[in-house]
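Written out below as structure tokens is the structure these notes cover.
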Amino acid sequence: MTSPGDRKTRSNPRDITSLVDAARSVAAARGISGMSLRTVAEEAETSVGSISYRIGDRAALIAAVLDREIELMARARREWGARVEGHDVLGSGLLADLVCEWLDEGAHGRRTSAIVTCELALLAAREPSALPAIALLFEEAEGLWRDILPSTPEGERVARFIACYCLDEQVFSIVLSDETDYRLLRHSTVRGMLRGGQGSGDPAGSRWHMALVERLAVPAAAALDESALPQQGTKSTIAEHIADLIVGQGVGVLSHRAVAQVAGVATSSVAHHFPTHRDILFAGVEAVYLRLRGQIRDTGARLGSGDIIRLTHECALAALTDPGFRPFAIDMRRRRAENVHAQYAGWLGVPVDSDRARVQALVVASIGNGLRSLATEADWLPGPDMVQLLTKGGTGVLI
């Protein structure tokens, strides 16, 4: 039997890169769950046997995709380091521009890599043992900001903050790139992230930030009709089983047969209530979303919940191919910090409601750090400790 190393030795590296890039294209268009040897073979206009010979099975192909993304992130790191070489990004106030441009580049020029990175992070968050090298991808992404910032403890801390922030924000920057109010909200959040010091905060900026949050309630309204009562009967029961599947295994496992098995009903019954795969997916996400909103109201938004973190990213990724999920993505992004802003303001040392942008930035970074922790099986930091990690002793001094 030949090993993956033997295959690479006997194959043209360009051929392997071409196959891996085809796999990346499929993953970006259909998700990791839609990436199989067959779909990649169709994209690459080759045979399944050719992929098996050169790379191996599906697990080996996913590992090869991760290796490729690490390579591309290292290349981006060098390019961005060269771009700002010789410039004082802190003293000149360039850092906010760089963060926003990095996210915008992920929505356009680096779109495939950005989507695939989100997909890989989600896969690792569910199955950390499947992608142990994911930590190297996160390190390269953080290293990009370390290279740009001064080599000081403060620079290291800000680099970690930005990397965690971008890990959560990137998927929304891809999905909502054409939403002006979202982009303005993101700019406000980035400015808040880079604003330091205790005191009165930024009341005027906070009012602007919350005005944008309210404006985004309009396109998000379809995500949940608060006045609507949950459906009753068999359809509602099946929807709850779909939600259980999503929470336990992710949206990629959904099918009429899988739902029928967990619900203990005939496949025809599932098809009667949910004729298409989209119907299944939408019903499940809506059921999970109702649970999520209830949990947020009852517990004050447990940011330590891996289910919440995974769901928000899966909904945003689903919106890339199905506009029906866009309102969910908008609502989940605009509500970042909704029920925990008072706690985080206290940890930052600023009055409640005085700087909602900075608080939201810290919550977004906390969620990004949570996704990273899930994917790498790292220790999960409580909120106050996260503030200590990302700010200077919890005082809110970011730079």
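Side-chain atoms are counted along with the backbone in the values below, which use heavy atoms only and exclude waters and symmetry mates.
- With hydrogens and angles left out, the side-chain atoms of Ser18 and Asp21 include no donor and acceptor closer than 3.5 Å.
- Residues Val48 and Ala41 share a closest heavy-atom pair of N-CB, 3.8 Å.
- Arg334 places a side-chain N or O within donor-acceptor distance of the main-chain N or O of Val213, the cut-off being under 3.5 Å.
- The closest donor-acceptor contact from the side chain of Ser188 to the backbone of Leu184 lies at 3.5 Å or more, if one exists at all.
- In this structure, Cys166 and Leu103 have side chains that are in contact, with non-hydrogen atoms separated by less than 4.5 Å.
- Val340 has its side chain within reach of Gln343: a pair of non-hydrogen atoms, C-beta onward, lies under 4.5 Å apart.
- Side-chain contact between Val175 and Phe325: absent, with no pair of heavy atoms (C-beta onward) separated by less than 4.5 Å.
- Checking side-chain atoms of Asp322 against main-chain N and O of Ala319 turns up no donor-acceptor pair under 3.5 Å.
- No more than 12 heavy atoms of other residues, nucleotides or ligands sit less than 6.0 Å from atom NE2 of His272.
- Inter-residue side-chain proximity for Asp168 and Arg336 is flagged as met; some heavy-atom pair is nearer than 4.5 Å.
- Judged as a side chain to side chain donor-acceptor pair (under 3.5 Å), and not counting sequence neighbours, Arg191 has no contacts.
- Taking all atoms of both residues into account, the shortest heavy-atom contact from Pro351 to Ala345 is O-CB, 4.2 Å.
- Not a single donor-acceptor pair under 3.5 Å links the side chain of Thr46 to the backbone N or O of Glu42.
- Contact between Thr321 and Ala29 at its shortest, heavy atoms only, is CG2-O, 3.4 Å.
- A donor-acceptor contact closer than 3.5 angstrom is absent between the side chains of Ser36 and Arg58.
- Residues Ile330 and Pro219 come closest through the heavy atom pair CD1-CB, 3.7 Å.
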Should Glu105 and Arg111 be marked as a salt bridge (charged side-chain N to carboxylate O under 4.0 Å, His left out) after you check the CA-CA gap, both sets of side-chain angles, and the distance that decides it? CA-CA 7 Å; Glu105 188 179 85; Arg111 182 182 177 88; over 6 Å; no
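- Taking the ring axis of Trp80 as reference, the NZ or CZ atom of Arg75 does not stay both within 45° of it and closer than 6.0 Å to the ring centre.
- In this structure, Leu216 and Glu179 have side chains that are in contact, with non-hydrogen atoms separated by less than 4.5 Å.
- Between the side chain of Thr267 and the backbone N or O of Arg257, no donor-acceptor pair lies under 3.5 Å.
- Looking at Gln360 and Val364, their side chains come closer than 4.5 Å, going by heavy atoms from C-beta outward.
- Within a 6.0 Å sphere centred on CG of Asp178, other residues, nucleotides and ligands contribute more than 12 heavy atoms.
- The shortest side-chain heavy-atom distance between Val259 and Ile238 falls under the 4.5 Å cut-off.
- With contacts defined as side-chain heavy-atom distances shorter than 4.5 Å, the pair Tyr182/Ser177 does not qualify.
- Side-chain atoms of Thr39 come within 3.5 Å of backbone N or O of Gly34 as a donor-acceptor pair.
- A donor-acceptor contact closer than 3.5 angstrom links the side chains of Ser50 and Arg54.
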